[in-house]
Structures are given as C-alpha cells and as structure tokens.
Amino acid sequence: MPKQIFAKLIEKQEIIKDIYKFTVEAEEIVKIAKPGNFIEIRVSEETEPFLRRPISIYNLNKEQGTLEFIFQVKGKGTKILSKKEVQDKIDIIGPLGYGTFKQEGYKKIAIIGGGIGIFPLYELAKEAKNQGKEIAGYLGFRNKEYVMLEKEFKEVTSHLEITTDDGTYGKKGFAINSLIEDMEKEKYECLYACGPIPMLRAVQKYANENNIACQISLEEKMGCGLGVCLGCAVKTAKSPKDAPEYFHVCKGGPVFNARDVEF
Ligand SMILES: Cc1cc2nc3c(=O)[nH]c(=O)nc-3n(C[C@H](O)[C@H](O)[C@H](O)COP(=O)(O)OP(=O)(O)OC[C@H]3O[C@@H](n4cnc5c(N)ncnc54)[C@H](O)[C@@H]3O)c2cc1C
C-alpha cells in the first residue's frame, strides 16, 4: 500500500548539468519498494503546479531507510524541486506502480537504458547482483556531456558498455546495437529496458523477433499517478484495430512485458 510521507532531504548533488540526485529519509517506502517502482512528488505547497510529478526510484538503502532518486530539470515542477535544500521536507507518495521488474527464473540478464531512462535500472541491477545473477549493462547517451553513473553501474554489472550517439565517449552508436552484437555470443535470458520510445521500440522488436523475454519501463506523461485521471494510457498489443484497449502506466505499469504494449 503506497504511503504519503514528508521525507527529509539529507543529500543533494547536481550529478551533471540540470540533473540532480536527491537522498531522502523514507523508511516506510523503502521497506516495501521494489525495483521498477516510482514515487509521486508534490513539488510545491501552492496550488500550482497542482499535479504531483512521477520520478523513478533509483536506489534503496534498506539498512539506512533512505531512498535516492535522480531527475532532470524539464519544466516548472522539476525546476521547483531542484531548489529544495538539505533539511527540507518533501511530500512524497510511494512506492507506486503495480508492474515492477520481475527476475525470478533468470540467471543471465541484460539491462538497456537510454539517457534519463537509466535510473530505474540501477536498483534492478543491484538486486540481480545480490542474487548472484550475471548481469550486463548497455547504457546509451547523446554525447560525452550526458554520460552519468558509469562507476555506479559498473559496480552492479559484470559487463558494462557505454555508447554515445556521436562517439564522443565509449562506443559510437546506440546501446541496442551493442547488445545485439553481443547476443551473438552471450545468451541473455531476459532484457530490461527504459529510455526514449524509439529505443524501446527497437528493443521490443528485437526481443519479439528473437523470442527473448523482455520487460520495459514506460515513462509516459502522467496525471494523478493513481489510476483516476487515465492520462497515461498506452495501447495493448492485442487490442482490435477498431476498438483499442489501453493499459494505464501508473496502475498497470510502469513496467510491462514488451509483448503486451503497442507504442
Ligand atoms: C513512471 C515515471 C517515472 C519517471 N522517472 C523519472 C526519473 O527518474 N527522472 C526524471 O528525470 N524524469 C522521470 N520521469 C519524467 C518526469 O516525471 C517528468 O520529466 C516531469 O514530470 C516533468 O515535470 P515538469 O513540471 O518539470 O515539466 P512540465 O512542465 O510538466 O513539462 C516540461 C517538459 O517535459 C516534458 N515531459 C513532461 N512529462 C514527461 C514525461 N513523463 N516524460 C518525458 N517528458 C515529459 C513535457 O512534454 C515538456 O516538454 C518519469 C515519468 C514517469 C511517468
């Protein structure tokens, strides 16, 4: 059951320009959160912006009862959030999301992340490592300036490939292409992806065509986060053309089986 808490901000770091990592005390959420869950943050006590902003859980520290999330300043809400200071209390509801990353039955897995979509994959990789799984990471960024969390992901993966679209850091090209090359010799049993829609489409296509299990986390624009406003609908893959059926990312996801959704 999600909880509403007023979490104390205990650490704030701008990891690259306009991307902040916040560490908050959130024991009640941390106790029950799973990889793939997200939180909804009320960034202001004023009526504007009214809607909470959804942000993925990046890291859970169960011993200390702290939670880390990372966000990019995009518009008004995240700008206000970025101005919070250590000791401030942040109004958070979480953990949210019914669909979380499932890794039972898999021993060798790969994560594929793009840009700010890499954040929810960290806790998954950490859990997989703690369970003794072999886990490879393929993280893609626009260019060198946007590369982040390399050291952190290295610690929780057995093989990490960083790609940049323009080749200014790591391997030139898209993360999915590096994964496909490696699949010739490595047989990952399940792929886990989060990132921009074109990347997710490519991962979904590859997984479906090659009959590989694949779970994707969608960061669809969201209203209430609780399944009431129906703002974050995505079409189900099996729905008839003349009568489309929808999932709601906040309630059904954010993590889905790649075979079930149509972008
Ligand atoms: C389940 C989920 C998890 C998310 N996790 C993270 C995270 O870990 N870190 C992070 O930085 N962001 C994450 N996002 C995206 C984040 O919620 C939005 O960037 C944020 O709500 C924008 O709020 P704003 O008020 O700053 O911008 P707004 O003023 O609302 O919008 C500013 C710009 O951002 C775009 N935008 C708004 N919402 C989204 C969205 N959901 N996805 C992409 N673009 C959007 C708008 O089109 C607009 O161009 C997540 C979204 C979802 C649904």
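Both counts, for ligands and for their atoms, begin at 1 and track the order of listing. Computed over heavy atoms, backbone and side chain alike; hydrogens, waters and symmetry mates excluded.
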Query - Close-contact set for ligand 1 against Q72 heavy atoms, below 4.0 Å - result: 10 (C), 11 (O)
**Report entry** salt_bridge(E48, K76) N-O dist < 4.0 Å
**Finding:** yes
Report summary line: heavy-atom search around atom 36 (N) of ligand 1 in the protein gives K221 CE, 4.0 Å
Requested in this report: Can you figure out which of E40, K76, R53 has its heavy atom closest to atom 30 (O) of ligand 1?
Outcome: R53
Report summary line: Of F22, F119, F38, Y122, the one forming a ring pair (Phe, Tyr, Trp, His ring centres under 6.0 Å) with F69 is F22
Query raised in the report: Does some non-hydrogen atom of the protein lie less than 4.0 angstrom from atom 18 (C) of ligand 1?
Result: no
Query raised in the report: Is the closest protein non-hydrogen atom to atom 48 (C) of ligand 1 under 4.0 Å?
Result: no
Query - E150-Y169 side chain donor-acceptor pair, cut-off 3.5 Å - result: yes
Report summary line: re atom 8 (O) of ligand 1, the protein heavy-atom contact at minimum distance is S56 N, 3.1 Å
Requested in this report: Identify whether the distance between the nearest side-chain nitrogen and carboxylate oxygen of K31 and E27 falls below 4.0 Å.
Outcome: no
Query raised in the report: Does the Q215 side chain pair with the main chain of Y192, one donor and one acceptor, at a distance under 3.5 Å?
Result: no
Report summary line: atom 1 (C) of ligand 1: of F38, Y58, F69, Y20, the nearest heavy atom sits on F38
Report task. Among all protein heavy atoms, pick the one closest to atom 26 (O) of ligand 1 and tell me residue, atom and distance. Result -> T78 OG1, 2.4 Å
Query raised in the report: Can a non-hydrogen atom of V249 be found less than 4.0 Å from any atom of ligand 1?
Result: no
Requested in this report: Would you check if the side chain of D18 reaches a backbone N or O of Q72 as a donor-acceptor pair within less than 3.5 Å?
Outcome: no
Query raised in the report: What atoms of ligand 1 come closer than 4.0 angstrom to any heavy atom of F71?
Result: 9 (N), 10 (C), 11 (O)
Query - Side-chain donor-acceptor contact under 3.5 Å, E123 with S56 - result: no
**Report entry** Part of V43 within contact of ligand 1 (heavy atoms, under 4.0 Å)
**Finding:** neither
Query raised in the report: Given that the side chain starts at C-beta and the backbone is N, CA, C, O, which of these parts of I55 lies under 4.0 Å from ligand 1, counting heavy atoms, or is it both or neither?
Result: both
Report task. Please write down residue, atom name and distance for the protein heavy atom closest to atom 42 (N) of ligand 1. Result -> E219 O, 3.3 Å
**Report entry** Charged N-O contact under 4.0 Å between K171 and E181
**Finding:** yes
Query raised in the report: What residue and atom, counting heavy atoms only, is the protein's closest point to atom 7 (C) of ligand 1, and at what distance?
Result: I70 O, 3.5 Å
Query - For ligand 1, the portion of F119 having any non-hydrogen atom under 4.0 Å away - result: side chain
Query raised in the report: Does the distance from a Lys or Arg side-chain N to an Asp or Glu carboxylate O, for E189 and K107, drop under 4.0 Å?
Result: no
Query - Distance from atom 28 (P) of ligand 1 to nearest protein heavy atom, with residue and atom - result: G75 CA, 4.2 Å
Query raised in the report: Who's the nearest protein heavy-atom neighbour of atom 15 (C) of ligand 1, and how far?
Result: P54 O, 4.1 Å
Report task. Could you state whether L191 and L160 fall into the same hydrophobic cluster, counting links through intermediate Ile, Leu, Val, Met, Phe, Trp or Tyr residues with side-chain heavy atoms under 4.5 angstrom apart? Result -> no
Report summary line: Nearest non-hydrogen protein atom to atom 43 (C) of ligand 1, with distance, is K74 NZ, 3.7 Å
Query - Side chain to side chain, S82 and F71, heavy atoms closer than 4.5 Å - result: yes
Query raised in the report: Hey, looking at atom 12 (N) of ligand 1, which of I39, L218, D18, I116 has the closest heavy atom?
Result: I116
Report summary line: In short, I5 meets E25 closest at the heavy-atom pair CD1-O, 4.1 Å
